[in-house]
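Data block below; observations after.
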Amino acid sequence: MDLDLRVTAKEPAADGIVTLTLQDRHRRRLPDWESGAHIDVVLPGGLTRQYSLCGDRWDAHSYRIGVLREPDGRGGSAHIHDRLAVGDPVGLGGPRNNFRLTPSPRYLFIAGGIGITPILPMLRDAEILGADWELLYGGRGPSSMAFLDELGRYGDRVTVQTSGLLDLQAWLGRAGAATTVYCCGPAPLLRAVQELCTGRLRTERFTAEPLPGAARDLPFDLELRRSKTTLTVRPGQSILQAVTGAGIGVLSSCAQGLCGTCETTVLDGVPDHRDALLDDDERATGDRMFICVSRSRSPRLVVDL
């Protein structure tokens with residue numbers, strides 16, 4: 001079913017942050033989603049950006065996203081803040097989820113700034129599951145922090161810090177072995193949590209870390225099984241660049257190994273994973289890859305394209 005998605009509400013949520021409510025013009029049901037999911041929003045003119053869903057996942061007819069204005073971004077957030085209006089159409093991709101809430105007796109949620117968006121629906125799920133949980137939410141000041149009013153319903157489960165560095169060592173030190181930590185926010189926060197966390201940790205990035213060097217920066221053959229085509233991928237070139245350069249259309253968005261749009265099944269060969277999505281076990285399995293940033297460790301790679 002082709003949805004006719006429109007902006008039905010646009011509201012300020014904090015300094016530099018707006019929320020958008022998206023609904024089908026004919027009030028048709030939207031695809032189901034789970035907490036941690038994001039969607040691709042296709043803006044007029046073809047810009048595609050990913051935003052975490054932060055509304056009520058039990059509302060089958062509405063999506064809500066929060067959008068931070070990024071002065072140094074690629075133009076998507078500026079378009080949303082300055083030009084997108086109630087009634088305007090937008091395209092939809094997804095939902096996709098690389099940040100699922102896995103079962104755990106206890107959770108520690110850590111959010112920095114706009115990183116609260118994927119975590120917000122997780123809190124409701126943790127409540128429904130009857131899990132023990134806490135949220136540590138940091139920002140530059142109350143005026144820059146979205147959804148503070150909604151978080152108020154959770155009482156002392158939520159700690160809001162509006163200045164200074166979060167005392168991550170203390171929070172993570174008392175988390176305990178049974179605690180699963182979920183963290184989303186700016187790169188320095190994620191790095192600090194990764195260095196200090198000794199238990200189960202799930203993170204989501206909004207911006208990519210610098211890409212690691214290719215494991216094998218040599219030409220390799222790329223067989224596109226469904227297309228019955230074989231290409232040569234040059235040194236310094238991603239698979240996506242090689243495929244689109246040959247005129248073969250592939251759905252992609254972030255081009256940074258973050259969003260999951262270009263996920264592709266690997267049929268043979270050994271991928272060189274350079275994304276920020278797969279964990280070590282998923283990389284070792286080697287049956288899928290994100291071709292916007294990845295290459296091959298083997299001289300030949302066969303993919304389902």
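Because the structure is a prediction, the values reported are computed rather than measured.
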- Query: Is there a donor-acceptor contact under 3.5 Å linking the side chains of Ser62 and Gln23?
  - Reply: yes
- Query: Taking Thr265 for the side chain and Arg288 for the main chain, is one N or O donor matched with an acceptor at less than 3.5 Å?
  - Reply: no
- Query: With a 3.5 Å cut-off and no angle check, do the side chains of Tyr182 and Thr102 form a donor-acceptor pair?
  - Reply: yes
- Query: Between the side chains of Glu134 and Trp171, is a donor N or O closer than 3.5 angstrom to an acceptor N or O?
  - Reply: no
- Side-chain ion pair, Asp304 and Arg226, N-O less than 4.0 Å: yes
- For Arg157 and Glu127, what are the C-alpha separation, side-chain angles and deciding distance, and is it a side chain to side chain contact (heavy atoms under 4.5 Å, CB included)? CA-CA 11 Å; Arg157 286 182 181 269; Glu127 286 279 280; 3.4 Å; yes
- Do Phe147 and Tyr137 have their ring centres less than 6.0 Å from each other? no
- Would a distance-only check, ignoring hydrogens and angles, find a side-chain to backbone donor-acceptor pair under 3.5 Å from Arg69 to Gly16? no
- Item | Whether Tyr154 side chain and Leu135 backbone form a donor-acceptor pair below 3.5 Å | no
- Would you check if the side chain of Arg200 reaches a backbone N or O of Ala178 as a donor-acceptor pair within less than 3.5 Å? yes
- Item | Check: Leu301 and Val270 side chains under 4.5 Å, non-hydrogen atoms | no
- NZ/NE/NH1/NH2 to OD/OE distance under 4.0 Å, Asp56 and Arg124: yes
- Message: If I compare all heavy atoms of Val233 with all of Arg295, which pair ends up nearest, and what's the gap?
- Response: CG1-NH1, 3.6 Å
- Query: What are the two closest non-hydrogen atoms of Asp2 and Arg28, and how far apart are they?
  - Reply: O-NH2, 3.0 Å
- Give a yes-or-no answer on whether the side chains of Ser296 and Asp272 include a donor-acceptor pair shorter than 3.5 Å. no
- Could you tell me whether Asp275 and Arg283 have a side-chain N and a carboxylate O separated by less than 4.0 Å? yes
- Please check if the side chain of Arg202 supplies one atom and the backbone of Asn98 the other of a donor-acceptor pair under 3.5 Å. yes
- Donor-acceptor pair, side chain of Ser294 and main chain of Met289, under 3.5 angstrom: no
- With Tyr107 via ring-ring contact (aromatic ring centres under 6.0 Å, His included) - residues at least two apart: Phe109
- Do the side chain of Thr21 and the main chain of Arg64 share a donor and acceptor less than 3.5 angstrom apart? no
- Task: For residues Asn97 and Ser35, report the shortest heavy-atom separation together with the two atoms involved.
- Result: ND2-O, 3.1 Å
- Query: Going by atom types only, do Thr261 and Arg96 share a side-chain donor-acceptor pair under 3.5 Å?
  - Reply: yes
- Any donor and acceptor pair, going by atom type alone, linking the side chain of His273 with main-chain N or O of Gly286 inside 3.5 Å? no
- Task: Output yes when Glu34 and Arg100 qualify as a salt bridge under the 4.0 Å nitrogen-oxygen rule, no when they do not.
- Result: yes
- Say whether, by atom type as modelled, one donor and one acceptor occur between the side chain of Asp217 and the main chain of Gly236 under 3.5 angstrom. yes
- Over 12 non-hydrogen atoms of neighbours within 6.0 angstrom of CD1 in Ile128: yes
- Ion pair check, Arg29 and Asp24, cut-off under 4.0 Å: no
- Query: Does Asp125 pair with Arg57 as a salt bridge, N-O distance under 4.0 Å?
  - Reply: yes
- Is any side-chain heavy atom of Val90 closer than 4.5 Å to a side-chain heavy atom of Leu84? yes
- Task: Check whether any side-chain heavy atom of Leu277 lies under 4.5 Å from a side-chain heavy atom of Leu258, and answer yes or no.
- Result: no
